[in-house]
Amino acid sequence: MRAGRRSTKSCNILTLNPQPLIPNSQMASDDLRATRIEKAQQLRDLGFNPYAYRWDVTHNAAELQDKYADLENGAEVGDEVAIAGRIMNRRVFGKLAFFTLQDETGTLQLYLDRQTIQDGMADTDAEAFDHLKTLTDAGDFFGVRGTLKRTDKGELSIKVNQYAILTKSLQPLPDKWHGLTDVEKRYRQRYVDLIVNPEVRNTFRRRAQITTSIRQFLTQRDFLEIETPVLQSEAGGADARPFVTYHNTLDMELYLRIATELHLKRLVVGGFEKVFEIGRIFRNEGISTRHNPEFTSIEVYWAYGDYHDMMALTEELIVAVAQSVCPSLALTYQGQPIDLTPPWRRVSMHEIVQDAIGVDFAQFQSLDEAKAAATAAGITNLDKCDAIGRVLNEAFEQKVEPTLIQPTFVTDYPVEISPLAKPHRSKPGLVERFELFIVGRETANGFSELTDPIDQRLRFEAQAARKAAGDLEAHEVDEDFLLALEYGLPPTVGMGMGIDRLAMLLTDSASIRDVIAFPLLKSGKDAAEAEPSP
RNA sequence: GGGUCGCUAGCUCAGCGGUAGAGCACUCGGCUUUUAACCGAUCGGCCCUGGGUUCGAAUCCCAGGCGACCCA
C-alpha cells in the first residue's frame, strides 16, 4: 500500500509537471538560464553537441604547472597537449581571450588568440573565435588542445588551437571574487561549494586519505575488514535512540544500526581474530556542530589482546593517520595547539576526577554520600544518577572532560556505564575500559570485552529494565548475541572511533558538517516548493 | 528544548517608516598580454512566509519556516 501510493504520486509528477522540479530559490532567474539554453541550441545548429561524449586528455593542470615550472616569461614550447576542465573565469578582448580552466588538480590559464584558433579549427568552424566569445560561459566544461606558453606576466598558459564545449552549464557560478559564503547554500548545494571553494575540495580529499590510511594501517597488521548489517531487528551496542524503518514483504519493523559492536564480536566468536569495520552509523538524536544523525565509525576487535594493547594500537593508528594527512604531529585546532607526539598521557578516571575536584569516589559506601560530595563540589544534574559510578561519570563529564585538550587516555570506568566491558582484574566495581580525549572531546572508546555470557545477560537485563522504565537510549536483551557468547568469545579487546571527529581534528574543521559532504538539513520551504501543486 | 543573530537581484552586500539600491555575473558595443581585466550602455526583485500596526511596511509588532552560533 505504501508502494502503491508512492507510484501513483510519481505518475502525477510525470504527467502533470513536465518541468524539472528545481526549487525556485536555488535556480537562476529564467533569463540567465534561457540565455544559456539558447547558446546550447546555437551550438547544435552549428553541428556541435553541447553535451559531448569524451575528450582526449594528455595532462592535468598540476602536471603541466609542474612540468613547465622553469619555462621563462614570454617563452613558448611546441609540445602539443590536451586538457579539460571547467571554465572559472573569462577575460575577453577583441581578438584575444584568457580563460581560467579548473580541473581536479588545479587551474591553468588558456591563451586564446583569434589567429591560432581560426587556423586550428578552419575545417570544423571558420568562425571558431567568434563562437568562443559568444557561446562559452563561466561554468562550462571545456576541452582544449594547444601548445605551451608562459605569458609576459608570468602565467603558464595553453596557447589553444582547438577547443570544444564539453558540457554547457545552464546555471551561473557565484561571484568570482566573493564566491559562495552563505553557509546554508554551501551545505544544500555542496556541488557549488566544491566548484568554487578549493579548501573544501581539499578537506574531502584529506578525509578520504584518513580512511585510506586507517585501512592500510590495519590491513598491514592482518586485520580483516568485514561488513555487518545496517538493518537490524533490534538495535544495540550503544546507548542511543535508533531510526526505525519498515520492510514491506517481511512486514516487520527494522532498526538502523547504532553501532557495529555486537556483530563484529560474533565474527570473533566465529574465529576471525582481527576484524574491523568502517561504516555508517545512524543515531536518532539532535544535530549540532559535533553531531550528524548519520556518521562514520571504525570499530576494531582483536582476540587475545587487552585494553593496554588496544591503547597502544590506537595511539599508533592515530599517529600514522595524522602523519599521512598533516605536515606535523604538532597541529593547530581552531587556534589551539595540539601535540599528537606519543606517548600520550594515561590516567584513571578516579584519579583524574580526584585531581580536579578533590573528591575520592572510591571511598563512598552509599549513593547518597557520593551525591552529597559531588553536589558540594559543584556537580549538577545528579537526579537521574542511580549508582555511584554514574555520579563519578557526571563529575568527570562536567569538570574534567572539557580540560583534556592534549591527547589523554582515561582508564578504568565504572561498570554501571560500561555494559559490554570486562570487569577490572584488580579494581572491584570498575571495568577495563579507556576513552581517548583530544580537544575536550571523546575521540575513541575501547575495552577488554566482556566474555562471560552469564555476566553479559545480567548487564543486558539491567539495560532492558532501564528501557522498560522509559530510557529511550536503552535496548532489549540480544539473545542471539548471548548465544554466540555461550559458544565462547576468546579474550578480546575492542575499540571504536568516530571518523568524522578525527577528520575534524586533522582538517581543523569547526563543524562536523564541514567534513560530511552532504550533511542532513531540514527540507523546509524549498522542498515544499518543489512539490507539484495538484 | 532555551537564547542571540541572519534571510533583499544568479552571487556578495547596502538600505531600517515615504518611488527597492551597489559591485560582480548576464545582454549589447569597443579592445591582441589579461589574471577581481578595463571603458560605455542596458537588463535584472513574491525584500523567507502569513497576520497585524500605519495614510503608507523591506523597514515596526506577532506567529511561523530555514540557517548559523552559544547554552542544556
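Chain identifiers are assigned alphabetically (A, B, ...) following the order of the sequence lines, protein sequences preceding nucleic acid strands; residue numbering begins at 1 within each chain.
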Between [N] and [M], how far apart are the two [atom1] atoms, rounded to whole Å?
{"N": "B/C47", "M": "B/A58", "atom1": "C1'", "value": "4 Å"}
{"N": "B/U59", "M": "B/C16", "atom1": "C1'", "value": "4 Å"}
{"N": "B/C61", "M": "B/C70", "atom1": "C1'", "value": "26 Å"}
{"N": "B/U42", "M": "B/A22", "atom1": "P", "value": "11 Å"}
{"N": "B/G6", "M": "B/G17", "atom1": "P", "value": "15 Å"}
{"N": "B/A20", "M": "B/A57", "atom1": "C1'", "value": "13 Å"}
{"N": "B/G44", "M": "B/G23", "atom1": "P", "value": "16 Å"}
{"N": "B/U12", "M": "B/A68", "atom1": "P", "value": "15 Å"}

Practice problem: May I ask you to check whether A/F98 and A/Y111 place their ring centres under 6.0 Å from each other? | Solution: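 Yes, close enough.
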Practice problem: Tell me whether the centres of the aromatic rings in A/F437 and A/F396 are closer together than 6.0 Å. | Solution: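 Aromatic pair counts; centres sit under 6.0 Å.
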Exercise. Give a yes/no answer on whether the side chain of A/T181 brings an N or O atom under 4.0 Å of OP1 or OP2 in B/C13.
Key: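 Yes, because at least one side-chain N or O of A/T181 sits under 4.0 Å from OP1 or OP2 of B/C13.
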Strand partner of [N], provided both Watson-Crick or wobble distances fall under 3.5 Å:
{"N": "B/C60", "value": "B/G52"}
{"N": "B/A36", "value": "none"}
{"N": "B/C26", "value": "none"}
{"N": "B/G6", "value": "B/C66"}

Quiz item: Looking at A/F518, is A/R190 sitting on its ring face, NZ or CZ under 6.0 Å from the six-membered ring centre and within 45 degrees of the normal?
Solution: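 No, a cation-pi geometry is absent between A/R190 and A/F518.
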Quiz item: Roughly how far, to the nearest 0.5 Å, is the OH atom of A/Y51 from the CD1 atom of A/I165?
Solution: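 So the gap between those two atoms works out to 10.0 Å.
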Exercise. Give me the residues of residues 111-133 of chain A where at least one heavy atom lies under 4.0 Å from an atom of RNA chain B, by number, or none.
Key: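 Result for residues 111-133 of chain A: A/Y111, sorted by number.
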Self-check item: Close approaches to RNA chain B from residues 60-88 of chain A, in residue order (heavy atom, under 4.0 Å)
Solution: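 Heavy-atom cutoff 4.0 Å gives no residues at all.
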How long is the line joining [atom1] of [X] and [atom2] of [N], in whole Å?
{"X": "A/R188", "N": "B/C48", "atom1": "CZ", "atom2": "C1'", "result": "12 Å"}
{"X": "A/E155", "N": "B/U35", "atom1": "CD", "atom2": "P", "result": "11 Å"}
{"X": "A/D514", "N": "B/G67", "atom1": "CG", "atom2": "P", "result": "15 Å"}
{"X": "A/H291", "N": "B/A72", "atom1": "NE2", "atom2": "P", "result": "13 Å"}
{"X": "A/L135", "N": "B/C28", "atom1": "CG", "atom2": "P", "result": "10 Å"}
{"X": "A/K159", "N": "B/U32", "atom1": "NZ", "atom2": "C1'", "result": "11 Å"}
{"X": "A/I195", "N": "B/C11", "atom1": "CD1", "atom2": "C1'", "result": "13 Å"}
{"X": "A/D182", "N": "B/A68", "atom1": "CG", "atom2": "P", "result": "10 Å"}

Using distance only, find each side-chain donor-acceptor pair of residues 201-211 of chain A under 3.5 Å and give its atom names and separation, not counting sequence neighbours.
{"unit_1": "A/R201", "atom_1": "NH1", "unit_2": "A/L194", "atom_2": "O", "d": "2.6"}
{"unit_1": "A/R201", "atom_1": "NH1", "unit_2": "A/I195", "atom_2": "O", "d": "3.2"}
{"unit_1": "A/T203", "atom_1": "OG1", "unit_2": "A/E199", "atom_2": "O", "d": "3.0"}
{"unit_1": "A/R205", "atom_1": "NH2", "unit_2": "A/E104", "atom_2": "O", "d": "3.2"}
{"unit_1": "A/R206", "atom_1": "NE", "unit_2": "A/V325", "atom_2": "O", "d": "3.4"}
{"unit_1": "A/R206", "atom_1": "NH2", "unit_2": "A/V325", "atom_2": "O", "d": "3.3"}
{"unit_1": "A/R206", "atom_1": "NH2", "unit_2": "A/L506", "atom_2": "O", "d": "2.8"}
{"unit_1": "A/R207", "atom_1": "NH1", "unit_2": "A/D500", "atom_2": "OD2", "d": "2.9"}
{"unit_1": "A/R207", "atom_1": "NH1", "unit_2": "A/V515", "atom_2": "O", "d": "2.6"}
{"unit_1": "A/R207", "atom_1": "NH2", "unit_2": "A/T296", "atom_2": "OG1", "d": "3.3"}
{"unit_1": "A/R207", "atom_1": "NH2", "unit_2": "A/D500", "atom_2": "OD2", "d": "3.2"}
{"unit_1": "A/Q209", "atom_1": "NE2", "unit_2": "A/S213", "atom_2": "OG", "d": "3.0"}
{"unit_1": "A/T211", "atom_1": "OG1", "unit_2": "A/A208", "atom_2": "O", "d": "2.9"}

Anything under 3.5 Å between a donor and an acceptor, one on a side chain of residues 135-144 of chain A, the other on a protein residue two or more places apart or in another chain? List them.
{"unit_1": "A/T136", "atom_1": "OG1", "unit_2": "A/R90", "atom_2": "NE", "d": "3.1"}
{"unit_1": "A/T136", "atom_1": "OG1", "unit_2": "A/R90", "atom_2": "NH2", "d": "3.2"}
{"unit_1": "A/T136", "atom_1": "OG1", "unit_2": "A/L132", "atom_2": "O", "d": "2.7"}
{"unit_1": "A/D137", "atom_1": "OD1", "unit_2": "A/K39", "atom_2": "NZ", "d": "2.9"}
{"unit_1": "A/D137", "atom_1": "OD2", "unit_2": "A/K39", "atom_2": "NZ", "d": "2.9"}
{"unit_1": "A/D137", "atom_1": "OD2", "unit_2": "A/K168", "atom_2": "NZ", "d": "2.7"}
{"unit_1": "A/D140", "atom_1": "OD1", "unit_2": "A/K168", "atom_2": "NZ", "d": "3.4"}
{"unit_1": "A/D140", "atom_1": "OD1", "unit_2": "A/S169", "atom_2": "N", "d": "2.9"}
{"unit_1": "A/D140", "atom_1": "OD2", "unit_2": "A/D137", "atom_2": "N", "d": "2.8"}
{"unit_1": "A/D140", "atom_1": "OD2", "unit_2": "A/K168", "atom_2": "NZ", "d": "2.6"}

Self-check item: Test log, rule salt bridge (charged side-chain N to carboxylate O under 4.0 Å, His left out), inputs A/E294 and A/R280
Solution: CA-CA 6 Å; A/E294 54 178 305; A/R280 201 68 60 85; 2.6 Å; yes
Sort me out a list of protein N/O and nucleotides 23-27 of chain B N/O pairs below 3.5 Å, or just none if empty.
{"unit_1": "B/G23", "atom_1": "N2", "unit_2": "A/D175", "atom_2": "OD2", "d": "2.9"}
{"unit_1": "B/C24", "atom_1": "O3'", "unit_2": "A/K176", "atom_2": "NZ", "d": "3.4"}
{"unit_1": "B/C24", "atom_1": "O2", "unit_2": "A/D175", "atom_2": "OD2", "d": "3.3"}
{"unit_1": "B/A25", "atom_1": "OP1", "unit_2": "A/K176", "atom_2": "NZ", "d": "2.6"}
{"unit_1": "B/U27", "atom_1": "OP1", "unit_2": "A/K39", "atom_2": "NZ", "d": "2.4"}

Heavy atoms from C-beta onward define the side chain here; which of [options] lies closest to that of [X]?
{"X": "A/L96", "options": "B/U12, B/U33, B/G67", "value": "B/U33"}
{"X": "A/S511", "options": "B/A37, B/C66, B/C69", "value": "B/C69"}
{"X": "A/L180", "options": "B/A37, B/C69, B/U12", "value": "B/U12"}

Describe the nucleic acid contact of [X] in one word from base, sugar-phosphate, nothing, applying a heavy-atom distance below 4.0 Å.
{"X": "A/T289", "result": "sugar-phosphate"}
{"X": "A/R513", "result": "sugar-phosphate"}
{"X": "A/V196", "result": "nothing"}

Quiz item: Considering residues at least two apart in sequence or located in another chain, which fulfil the side-chain hydrogen bond (donor to acceptor under 3.5 Å, both in side chains) criterion with A/Q354?
Solution: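 Not a single residue meets the side-chain hydrogen bond (donor to acceptor under 3.5 Å, both in side chains) criterion with A/Q354.
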Quiz item: So does A/K384 pair up with A/D471, basic N to acidic O under 4.0 Å?
Solution: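 Looking at A/K384 and A/D471, the cut-off is not met.
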Practice problem: In plain terms, say whether A/R390 and A/E394 are close enough for a salt bridge, that is, a side-chain N and a carboxylate O under 4.0 Å apart. | Solution: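 A/E394 and A/R390: not salt-bridged.
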Quiz item: Is a donor-acceptor pair below 3.5 Å formed from side chain A/K185 to base B/U12, judging by atom type as modelled?
Solution: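 There is none.
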Exercise. Apply side chain to side chain contact (heavy atoms under 4.5 Å, CB included) to A/R114 and A/D130, showing your working.
Key: CA-CA 8 Å; A/R114 182 186 169 90; A/D130 295 317; 3.4 Å; yes
Quiz item: Do A/Q41 and A/D45 have a side chain donor and acceptor closer than 3.5 Å?
Solution: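 A pair is found: one side chain offers a donor N or O, the other an acceptor, under 3.5 Å apart.
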Exercise. Say whether A/D119 and A/T116, considering side chains only, have a donor N or O and an acceptor N or O under 3.5 Å apart.
Key: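 No, no side-chain donor-acceptor contact under 3.5 Å.
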Quiz item: Any donor and acceptor pair, going by atom type alone, linking the side chain of A/N197 with main-chain N or O of A/V200 inside 3.5 Å?
Solution: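 No: the side chain of A/N197 does not pair with the backbone of A/V200.
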